[in-house]
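To start, the structure under review is shown below, and the notes come after it.
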Amino acid sequence: MNELQAKKEIKALTKAIEEHNHKYYVLNEPVISDEEYDRLLKRLVDLENEFPQLRSASSPTQRVGALVQGQLPTVRHSLPMISLDNTYSLEELKQWYDRAVKGLENHRPSLVAELKIDGLSCALTYRNGRLVLAATRGDGETGEDVTHNAKTIHDIPLDLKGRFPDLLEVRGEVYMGKKGFYSP
């Protein structure tokens, strides 16, 4: 594939992904499966990696795990915040499980599976039971300090109850349900 062909395909993929994003996130009317969407996005990533000069700052590939924007104080994560992989079959799930337990000798941990919710990845740090830091994923190594914002979310406890370690970091997704968009 030459650069001109790549440019045309990148333009078409970008347009298709943006249309699917609008249908999914704005209209709540997706027309393709997550697997099909991920295939489109992966193809775009592959093309942009092969032709980095064609990667645009507004590309859909630049939306998740983006670099820190610099408008908020930055935070270096104690351990990298990595993104979850997608799995579309029981065989892929079994392969992931086998990799995850490799090296645990004969220990086979039990698992809990939940529906995936896309939101803003956030790491909450508690010292002696008190929330002291909330940070975005950012690029996985460095995120932004959003503690002030996190304190406005009523579901995030400012102080822990019961027993807890002196230092606790909880990682998850911050998201807003549909009810949050409606005013009473």
Side-chain angles (χ1 to χ4, degrees), residues 17 20-21 24-25 28 30-49 60-68 74-147 149-151 153-180:
I17 290 168
H20 289 301
N21 283 342
Y24 182 86
Y25 293 109
N28 196 25
V31 293
I32 63 173
S33 69
D34 286 354
E35 186 174 7
E36 291 170 295
Y37 177 88
D38 289 344
R39 221 178 285 126
L40 292 173
L41 193 60
K42 183 179 182 327
R43 177 64 180 152
L44 181 57
V45 167
D46 290 345
L47 283 170
E48 288 180 349
N49 286 338
T61 64
Q62 303 302 300
R63 294 182 65 83
V64 177
L67 295 174
V68 171
T74 58
V75 175
R76 185 109 177 124
H77 296 296
S78 57
L79 294 170
M81 283 187 74
I82 56 176
S83 183
L84 297 175
D85 271 338
N86 295 321
T87 302
Y88 296 105
S89 70
L90 289 175
E91 181 58 33
E92 288 178 345
L93 185 58
K94 183 183 178 326
Q95 290 170 1
W96 170 86
Y97 181 80
D98 290 343
R99 285 191 313 271
V101 299
K102 193 175 189 174
L104 295 179
E105 297 175 10
N106 292 326
H107 182 67
R108 296 288 183 212
S110 58
L111 303 175
V112 174
E114 296 180 356
L115 294 175
K116 182 182 178 202
I117 296 175
D118 282 328
L120 173 71
S121 294
C122 193
L124 305 175
T125 303
Y126 291 87
R127 287 194 192 282
N128 300 315
R130 174 152 295 175
L131 179 66
V132 295
L133 177 66
T136 63
R137 178 186 298 138
D139 65 5
E141 298 287 333
T142 304
E144 292 178 314
D145 182 339
V146 291
T147 309
N149 304 74
K151 287 181 175 181
I153 302 170
H154 293 284
D155 290 336
I156 295 177
L158 302 180
D159 293 292
L160 300 177
K161 309 250 186 285
R163 295 178 53 174
F164 43 80
D166 293 341
L167 178 63
L168 174 67
E169 184 174 322
V170 179
R171 293 178 172 187
E173 297 283 316
V174 176
Y175 72 97
M176 181 183 293
K178 286 182 185 179
K179 288 182 182 177

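Excluded from the calculations below are hydrogen atoms, water molecules and symmetry mates; all remaining heavy atoms, backbone and side chain alike, are included.
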Flag side-chain contact, heavy atom, 4.5 Å: [X] against [Y]:
{"X": "L133", "Y": "D145", "result": "yes"}
{"X": "Y97", "Y": "P109", "result": "yes"}
{"X": "L158", "Y": "K151", "result": "yes"}
{"X": "E173", "Y": "S121", "result": "yes"}

Counting only heavy atoms not in L104, do more than 12 sit closer than 6.0 Å to its CG atom?
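Above 12, so yes.
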What closest approach, in Å, do [X] and [Y] show between heavy atoms, and which atom pair accounts for it?
{"X": "H107", "Y": "V101", "result": "O-CB, 4.4 Å"}
{"X": "L44", "Y": "P60", "result": "CD2-CD, 3.9 Å"}
{"X": "V132", "Y": "R127", "result": "CG2-CG, 3.9 Å"}
{"X": "E169", "Y": "A123", "result": "OE2-CB, 3.5 Å"}
{"X": "V174", "Y": "C122", "result": "CG2-CB, 3.8 Å"}

Which residues pass the salt bridge (Lys or Arg N to Asp or Glu O under 4.0 Å) test with E92, sequence neighbours left out?
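Salt bridge (Lys or Arg N to Asp or Glu O under 4.0 Å) list for E92, sorted by chain: empty.
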For R76, check salt bridge (Lys or Arg N to Asp or Glu O under 4.0 Å) against everything at least two apart and list the hits.
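R76 satisfies salt bridge (Lys or Arg N to Asp or Glu O under 4.0 Å) with E141 only.
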Not counting sequence neighbours, which residues clear side chain to side chain contact (heavy atoms under 4.5 Å, CB included) with [X]? List them please.
{"X": "I32", "answer": "H20, E36, Y37, L40"}
{"X": "P157", "answer": "Y126, L160"}
{"X": "R43", "answer": "M1, E9, L13, L47"}

I'd like to know whether L90 forms a side-chain contact (heavy atoms from CB on, under 4.5 Å) with K94, so could you lay out the CA-CA distance, the side-chain angles of the two residues, the decisive distance to 0.1 Å, and finally the verdict.
CA-CA 6 Å; L90 289 175; K94 183 183 178 326; over 6 Å; no
Quick one: pull up [atom1] in [X] and [atom2] in [Y] and give me the separation to the nearest 0.5 Å.
{"X": "L111", "Y": "L93", "atom1": "CG", "atom2": "CG", "answer": "7.5 Å"}
{"X": "I153", "Y": "M176", "atom1": "CD1", "atom2": "CE", "answer": "8.0 Å"}
{"X": "D34", "Y": "L41", "atom1": "CG", "atom2": "CG", "answer": "11.5 Å"}

I'd like to know whether D98 forms a salt bridge (Lys or Arg N to Asp or Glu O under 4.0 Å) with K102, so could you lay out the CA-CA distance, the side-chain angles of the two residues, the decisive distance to 0.1 Å, and finally the verdict.
CA-CA 6 Å; D98 290 343; K102 193 175 189 174; over 6 Å; no
Scan residues 157-168 for pairs that pass salt bridge (Lys or Arg N to Asp or Glu O under 4.0 Å), counting only residues two or more places apart or in two chains.
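Non-adjacent pairs meeting salt bridge (Lys or Arg N to Asp or Glu O under 4.0 Å): R130-D159.
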Residues R171, L79; criterion side-chain contact (heavy atoms from CB on, under 4.5 Å); working and verdict
CA-CA 11 Å; R171 293 178 172 187; L79 294 170; 4.2 Å; yes
Do T74 and E144 pair up side chain to side chain, a donor and an acceptor below 3.5 Å, judged on atom types alone?
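No pair is found: no donor N or O on one side chain lies under 3.5 Å from an acceptor on the other.
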